[in-house]
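Computed from a predicted model, the values in this text were never measured in an experiment. Position 1 is the first residue of the sequence; numbering continues from there. As a basis for the values below, the full set of heavy atoms in this structure was taken, side chains included, without hydrogen atoms, waters or symmetry mates.
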Amino acid sequence: MKKIICFLIFVGLTNGLLAQKGKQVFVSTDIDNFWIAYDKIIATKDSAQQIAHLRDLYLEKGTEGLKGIIEVRNYSEKEFIDWIAQNPKFWNSIRPNTLKVKGLYSKIDANIKKLKKAYPDLKPSTIYFTIGAFKTGGTIQGNKVLIGSELSLADKTTIVDELPSWLQSFYKAQNPLNELPLLCTHEYIHTQQKEIVENLLSMCLYEGVAEFISCKVTNTKSHVPAIEFGKANQKIVVDKFVTDLFTMTNNYNWLWGENMNELKVRDLGYFIGYEICERYYNLSKSKSKAIKELIELDYTNEIEVERIVNSTKLLPKTLEELYKEYDNLRPTIVSILPFENGNQKVKAGIIQISINFSEEMDTNYRGFDYGPLGENYIYTFKQLLGWSNNNKTITIEVEVEPNRQYQALITNRFRSKNGFALKPYLIDFKTDE
């Protein structure tokens, strides 16, 4: 154990020194450890022994990269064992590629050097090659680029017919091994960006920045099929995006998942972000300044986000104009019963509160939260009594104590039948003695 600890400290110090000297650091020891564990796992049918081999030979010897990808993608031991046991042809076919990964370092390093030239403020990030459980080909954690080799080191020789159909489509549509240098550059840019904001536009910009700049600085065409589709069908895609911009409850229709709307092309959000960045770059007099602004964009700065997006004129109107149009279509709460909001003398005990909306609502969506005063001012929820009045009224049963103030926020999780989010409404009242 002491030797292992000393070795890990030595590796950490070595990587740190390499980074300080400006040399790109690659770590792929997790791949070697995986195959040692894999051979032991498939040699036994004893599930307890399989788990023990996975832990002892792979997980516990894992680098910071393996620990990171497990944490980011929430991998479980069972997932690893199930994927190993169910797909022997896949693993045998991809194994040679994973063992030759060091031969790819020079191409990746050349890309990172080009990125550094275009963006001199580039901070060093370590690139880790791990083997995961099919949830990501590439992601980041802090200043670590985490590559899922079971996805990103496959090529046309990889046998995928044992895999689920949704996963087969990825391998058949793309050639991940050839795309690896660009993928690493894309993820490297993510390590430089500020934290993402959880709205559709920011998510699209976040991915678009990484994809456009990685392609631009390396002079490589994007491998994301959605970008080519978007350029060929721009009006249809942009019109659909504008429709969804403020109303989406599932951003996976645009990013990181299967698109379930009528366009049937996944990850079209990459095109939206890519197109905005490309137009902004082309419009900018200083290309280096544009790259810096895009990489360092603060997604919490709505004024700056709007400035960049509006300047490109990709969307038919400014973001402010589009939001005003959307806001005018949102449902509102017109009243509550049996008392008026703000009442100071509500009778204590168990009461039924009916919330009346301005239009018919989608009964699949609802949301209640604390008010500004916090959780100590929320009533005790008893039960949902249901919808009435053509789904314009929802009634809940709550319990309130004497001589207390209560607040509850009716959130924008409520949605109209047409899909527009509710304008939030604060219920605020006091009970009598």
Side-chain angles (χ1 to χ4, degrees), residues 74 195-203 243-257 260 299-300 302 323-433:
N74 196 29
E195 189 172 349
I196 195 171
V197 173
E198 296 294 322
N199 64 57
L200 182 58
L201 179 61
S202 292
M203 290 174 178
T243 300
D244 288 351
L245 180 55
F246 302 111
T247 63
M248 284 297 293
T249 58
N250 181 6
N251 291 324
Y252 293 107
N253 269 9
W254 287 92
L255 293 158
W256 314 316
M260 301 303 291
Y299 296 94
T300 66
E302 294 182 1
Y323 184 79
K324 284 181 179 178
E325 289 181 358
Y326 158 75
D327 200 46
N328 289 335
L329 296 171
R330 298 173 72 182
T332 60
I333 291 176
V334 295
S335 67
I336 61 172
L337 294 172
F339 53 85
E340 290 187 4
N341 197 19
N343 193 310
Q344 304 292 300
K345 294 185 178 181
V346 175
K347 186 176 180 181
I350 295 177
I351 57 175
Q352 294 179 3
I353 301 177
S354 292
I355 303 163
N356 300 308
F357 299 89
S358 59
E359 59 187 278
E360 184 177 354
M361 303 297 287
D362 185 335
T363 60
N364 293 313
Y365 294 96
R366 56 181 180 269
F368 301 88
D369 205 347
Y370 308 133
L373 296 177
E375 61 182 302
N376 292 331
Y377 288 80
I378 192 76
Y379 43 62
T380 300
F381 179 81
K382 303 296 287 185
Q383 62 177 320
L384 172 66
L385 296 177
W387 290 88
S388 59
N389 188 27
N390 293 323
N391 294 331
K392 291 183 180 180
T393 300
I394 189 171
T395 303
I396 58 175
E397 188 173 81
V398 304
E399 185 172 7
V400 293
E401 299 175 0
N403 198 28
R404 289 277 307 275
Q405 181 177 1
Y406 288 95
Q407 286 186 340
L409 184 66
I410 313 303
T411 76
N412 60 6
R413 280 287 299 164
F414 279 94
R415 295 186 176 266
S416 69
K417 188 178 180 181
N418 294 324
F420 295 101
L422 176 75
K423 292 183 180 181
Y425 182 89
L426 181 66
I427 297 178
D428 190 337
F429 62 93
K430 292 182 179 178
T431 54
D432 59 21
E433 297 182 4

Could you give the distance from OG1 (Thr395) to CG (Leu337), rounded to the nearest 0.5 Å?
-> 8.5 Å
Smallest heavy-atom separation, Tyr379 atom then Glu399 atom, equals CB-O, 3.9 Å
Does Ile394 reach the side chain of Thr363, with side-chain heavy atoms less than 4.5 Å apart?
-> no
Any side-chain heavy-atom pair from Thr431 and Glu401 closer than 4.5 angstrom?
-> no
Count the heavy atoms of every other residue, nucleotide or ligand shown that sit under 6.0 Å from OH of Tyr326, and state whether that count exceeds 12.
-> yes
What is the distance from atom NZ of Lys430 to atom OH of Tyr377, rounded to the nearest 0.5 Å?
-> 9.5 Å
Validation row: Tyr425, Ile336 side chains within 4.5 angstrom (heavy atoms) | yes
Do you know the tightest heavy-atom contact between Thr411 and Phe368?
-> CG2-C, 4.2 Å
Examine distances only and state if a side-chain atom of Ser358 and a backbone atom of Thr332 form a donor-acceptor pair shorter than 3.5 Å.
-> yes
Side-chain contact, heavy-atom cut-off 4.5 Å: Pro338 with Ile351?
-> no
Would you confirm whether Asp428, through its side chain, and Asn341, through its main-chain N or O, come within 3.5 Å as a donor-acceptor pair?
-> no
Heavy atoms of other groups near Arg366 CZ, more than 12 under 6.0 Å | no
Can you tell me if CG on Asn328 sees more than 12 non-hydrogen neighbours from other groups inside 6.0 Å?
-> yes
Determine, step by step, whether Tyr406 and Leu373 satisfy the side-chain contact (heavy atoms from CB on, under 4.5 Å) criterion, reporting the C-alpha distance in whole Å, the side-chain angles of both residues, the deciding distance to 0.1 Å, and the verdict.
-> CA-CA 9 Å; Tyr406 288 95; Leu373 296 177; over 6 Å; no
Under the side-chain contact (heavy atoms from CB on, under 4.5 Å) rule, what do Met361 and Trp387 come out as? Steps first, then yes or no, please.
-> CA-CA 9 Å; Met361 303 297 287; Trp387 290 88; 3.7 Å; yes
Grab the two heavy atoms, one from Ser202 and one from Val197, that are nearest each other, plus how far apart they are.
-> CB-O, 3.5 Å
Quick one: pull up NZ in Lys392 and CZ in Phe357 and give me the separation to the nearest 0.5 Å.
-> 12.5 Å
Walk me through it: do Phe429 and Val400 pass the test side-chain contact (heavy atoms from CB on, under 4.5 Å)?
-> CA-CA 11 Å; Phe429 62 93; Val400 293; 4.0 Å; yes
Return yes when atom NZ of Lys324 has more than 12 non-hydrogen atoms of other residues, nucleotides or ligands closer than 6.0 Å, and no otherwise.
-> no
Shortest non-hydrogen separation from Ile378 to Asp369 and the atoms involved | CD1-O, 4.0 Å
Should the heavy atoms of other residues, nucleotides or ligands under 6.0 Å from CD of Gln405 be counted, would the total exceed 12?
-> yes
Applying salt bridge (charged side-chain N to carboxylate O under 4.0 Å, His left out), name anything that partners Arg330, two or more places apart in sequence or on another chain.
-> Asp327
Determine the minimum heavy-atom distance between Ala421 and Arg415, stating which atoms define it.
-> CB-NH1, 3.7 Å
In sequence, state the C-alpha distance, the side-chain angles, and the governing distance for Lys417 and Asn391, and then conclude on side-chain contact (heavy atoms from CB on, under 4.5 Å).
-> CA-CA 9 Å; Lys417 188 178 180 181; Asn391 294 331; over 6 Å; no
Heavy-atom closest contact (Leu426 atom, Gln407 atom, distance) = CD2-NE2, 4.0 Å
OG1 on Thr380 to CD1 on Ile350, rounded to 0.5 Å = 9.5 Å
Output for pair (Ile427 CD1, Ile410 CD1), nearest 0.5 Å, gives 4.0 Å
More than 12 heavy atoms from other groups under 6.0 Å of CD on Gln383 = yes
Would you give the length of the straight line joining atom NZ of Lys345 to atom CD of Glu433, rounded to the nearest 0.5 angstrom?
-> 10.0 Å
Taking side chain as C-beta onward, heavy atoms only, is Asn418 less than 4.5 Å from Leu329?
-> no
Gln344 (side chain) donor-acceptor with Gly342 (main chain) under 3.5 angstrom | yes
Look at the aromatic rings of Phe246 and Tyr323 and report parallel, tilted or perpendicular, splitting at 30° and 60°.
-> perpendicular
Report yes if the side chains of Asn376 and Tyr370 come closer than 4.5 Å at any heavy-atom pair, otherwise no.
-> no
